[in-house]
Participant: 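So that we are looking at the same thing, I have put the structure below in C-alpha cells.
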Protein chains: 2
Amino acid sequence: MTSRQLELLQIAQALFKEKGYAAASVRDIAKAANVEPASLYSHFSGKEDLLDATCFEMAEKFLTAIEEVNDIYFNAEQRLHMAVHNHVKILTENLNASYVFQREWRHLGEPRKSEFIELRNRYEDGFRKIIENGIEEGLFNEVDIKIATLTLLSSLNWIVEWYRTDGAKGAEQIADQLYGFILTGLRKDPL
Amino acid sequence: MTSRQLELLQIAQALFKEKGYAAASVRDIAKAANVEPASLYSHFSGKEDLLDATCFEMAEKFLTAIEEVNDIYFNAEQRLHMAVHNHVKILTENLNASYVFQREWRHLGEPRKSEFIELRNRYEDGFRKIIENGIEEGLFNEVDIKIATLTLLSSLNWIVEWYRTDGAKGAEQIADQLYGFILTGLRKDPL
DNA sequence: CTTTGCCTAACGAATGTTCGTTTATGACTT
DNA sequence: AAGTCATAAACGAACATTCGTTAGGCAAAG
C-alpha cells in the first residue's frame with residue numbers, strides 16, 4: 001500500500017461513512033480527492049476494492065488485539081478490561097474505517113463477504129471466551145453468554161455513532177467509563 | 001394508509017433492511033411485490049416516500065411509548081424497566097421497520113432529515129431523564145449521563161442485528177435479560 | 001526511456017421517474 | 001336489469017441522469 005493509496009483510501013472511507021457505500025459514488029470520491037474519476041483506477045481496481053481493503057484491514061487489527069489479550073494468562077476481569085480498552089482504542093484511532101467495518105461490509109461481494117463474516121465471528125468468539133471464563137472463575141454473574149457478548153459489543157460499537165475527535169473526552173476515559181458501566185451496571189449498591 | 005400501501009411498504013422495508021436504502025432499487029421492490037416498477041407510483045409518490053413513512057411512523061411509536069412511561073409517577077427503576085420493555089417490544093414487533101428507522105434515516109432529504117433528528121433527540125431525552133432522576137433519587141450510580149444513555153440505547157438497538165422471530169427467545173425474555181444486565185452489570189456481587 | 005500519475009472521452013448498464021392507457025370492481029341511475 | 005360513471009390498480013414504453021468502468025494519450029520524474 002503506497003502512501004498515495006492510503007491517502008485516497010482514507011478519503012473514500014470518510015465518504016463511505018458519511019453517505020454509505022452504495023450512495024457514495026466514485027465521482028464523489030474523486031471530487032473529494034481533487035482528481036478525475038478515472039484516475040482512481042490507477043491505484044485501485046475498482047470501488048469495491050476500497051471497501052474490501054477497509055473491511056479486512058480493520059478485521060485484522062481487531063482480531064490481532066483480542067488474540068493478544070487471550071494469549072496472556074490473566075483472570076477474566078483483567079482480560080475484559082484490556083479487551084475493552086483495545087477495542088475503543090482501535091475504534092477511535094480509525095473512526096471512519098471502523099464505521100465502514102461495522103456497517104458497510106455487507107456490500108462486499110462473495111466470496112469476500114463470507115470470509116469477512118468468518119473473521120468477525122472469530123472476534124466475537126474472543127469476547128465470548130472471556131465472559132465464559134469469567135463465569136467459570138466465579139467472577140461474573142451467570143448471564144446468557146450469547147446475549148451478554150452481543151450487548152457488550154454493541155455498547156462499544158455504538159461509539160462510532162457519537163464519538164468526535166474534538167470532543168472533551170479521550171479514548172482512555174471513555175473506555176474506562178464503558179468498562180465500569182458494563183461491569184457494575186446502573187444500580188447503586190445498597191449502603 | 002390503505003392496506004395495499006401497507007403491504008407494499010412492508011415489502012420495501014424488508015429490502016431496505018437487506019440491501020440498504022440506496023442499494024435497494026425501485027425495480028427490486030417492484031419485483032418482490034410481483035408488480036411493474038411504474039405501478040408503485042400509484043401508491044407512493046416516490047422511493048423516498050417509502051423511507052419517510054417508515055422513519056416517521058416508527059419515531060412516533062417510540063416517542064409515544066417513552067412519553068407514556070414518563071407521565072406515570074413511579075420511581076426511576078420502575079420507569080426504566082417499563083421503557084426497556086416497551087422499546088424491545090416495538091423493536092421486535094417491527095423488526096424490518098426498526099432497522100430502517102435506525103440505520104437508513106440519513107438518506108432522508110432536507111428538511112425531513114432535520115425533523116427526524118429532532119424526534120430522535122426527544123426520544124433519547126426521555127431515557128436521559130430517567131437516568132437523571134434515578135441518580136437524584138439515589139437509586140443509580142453517579143455515571144456520566146450522556147454516555148450511560150447512549151450505552152443503554154445501543155445495547156437495545158443492536159437487537160435488530162441478531163434478533164430472529166423464529167428464535168427460541170421471546171421479546172419479553174430478551175427484554176428481561178437486557179434490563180438485568182444493564183442494571184446490575186457483569187460482575188458478581190461478593191458473597 | 002520507462003514509469004507513475006493523471007487526464008479527456010466515452011462506454012453500456014442501471015437508476016428513479018413520467019406518461020398515456022388499460023383493466024377490474026363496485027356504486028348509482030334509469 | 002341494463003347502462004353509466006368513478007375509482008383503484010396495474011401496465012408497457014420511454015425519459016434524462018447517474019452509475020462504475022475502460023481506453024488511449026500526455027507530461028513530468030527517475
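Naming convention: chains lettered A, B, ... in sequence-line order (proteins, then strands); numbering from 1 in each chain.
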Participant: So which of residues 30-47 of chain B are in contact with DNA chain C, with a heavy-atom cut-off of under 4.0 Å?
Facilitator: B/Ala38, B/Tyr41, B/Gly46, B/Lys47
Participant: Restricting both atoms to N or O, compile the protein contacts to nucleotides 28-30 of chain D shorter than 3.5 Å, with distance only.
Facilitator:
none

Participant: Sort me out a list of protein N/O and nucleotides 21-26 of chain C N/O pairs below 3.5 Å, or just none if empty.
Facilitator:
none

Participant: According to salt bridge (charged side-chain N to carboxylate O under 4.0 Å, His left out), does anything in residues 147-170 of chain B pair up with another residue at least two apart or in another chain? List the pairs.
Facilitator: A/Asp144-B/Lys169, B/Arg103-B/Glu161
Participant: Tell me yes or no: between the side chains of A/Ser25 and A/Asp28, is some donor less than 3.5 Å from an acceptor?
Facilitator: yes
Participant: Tell me the interatomic distance from B/Leu50, atom CG, to C/dT15, atom P, rounded to whole angstroms.
Facilitator: 16 Å
Participant: Indicate yes or no: at least one non-hydrogen side-chain atom of B/Tyr163 is less than 4.5 angstrom from one of B/Leu91.
Facilitator: no
Participant: Please identify each residue that fulfils ring pair (Phe, Tyr, Trp, His ring centres under 6.0 Å) with B/Trp158, with sequence neighbours left out.
Facilitator: none
Participant: Pairs in or reaching into residues 149-159 of chain A: which pass salt bridge (charged side-chain N to carboxylate O under 4.0 Å, His left out), with residues at least two apart or in two chains?
Facilitator: none
Participant: So, B/Ser98 and B/Gln102: side-chain donor and acceptor under 3.5 Å apart, yes or no?
Facilitator: no
Participant: Produce the list of close N/O pairs, under 3.5 Å, pairing protein atoms with atoms of nucleotides 14-16 of chain D; give distances to one decimal.
Facilitator:
none

Participant: Is there a donor-acceptor contact under 3.5 Å linking the side chains of B/Ser155 and A/Thr151?
Facilitator: no
Participant: Mind calculating the distance between CD (B/Glu7) and C1' (D/dA9) to the nearest angstrom?
Facilitator: 12 Å
Participant: Per the salt bridge (charged side-chain N to carboxylate O under 4.0 Å, His left out) rule, what does the pair list look like for residues 52-62 of chain B, sequence neighbours excluded?
Facilitator: B/Asp52-B/Arg112
Participant: Please determine whether a side-chain nitrogen of the Lys or Arg among A/Glu124 and A/Arg120 lies less than 4.0 Å from a carboxylate oxygen of the Asp or Glu.
Facilitator: yes
Participant: Scan for side-chain hydrogen bond (donor to acceptor under 3.5 Å, both in side chains) pairs involving residues 31-46 of chain B, sequence neighbours excluded, and state none if there are none.
Facilitator: B/Ser45-B/Asp49
Participant: Show me the pairs that pass salt bridge (charged side-chain N to carboxylate O under 4.0 Å, His left out) and involve residues 67-87 of chain B, at least two apart or across chains.
Facilitator: A/Arg187-B/Glu77, B/Glu67-B/Arg122
Participant: Looking at CG of A/Leu178 and CG of A/Leu183, how far apart are the two atoms once the value is rounded to the nearest 0.5 Å?
Facilitator: 12.0 Å
Participant: Looking at B/Arg4 and B/Glu7, is there a salt bridge between them, counting it only when a charged N and a carboxylate O are closer than 4.0 Å?
Facilitator: yes
Participant: Among residues 15-26 of chain B, which ones have heavy-atom contacts with DNA chain C below 4.0 Å?
Facilitator: B/Ala24, B/Ser25, B/Val26
Participant: So which pairs with a foot in residues 137-157 of chain A pass ring-ring contact (aromatic ring centres under 6.0 Å, His included), sequence neighbours left out?
Facilitator: none
Participant: With a 4.0 Å cut-off, would you call A/Lys89 and A/Glu93 a salt bridge?
Facilitator: yes
Participant: How close or far is atom C1' of C/dT17 from atom CD1 of B/Ile29, stated in whole angstroms?
Facilitator: 13 Å
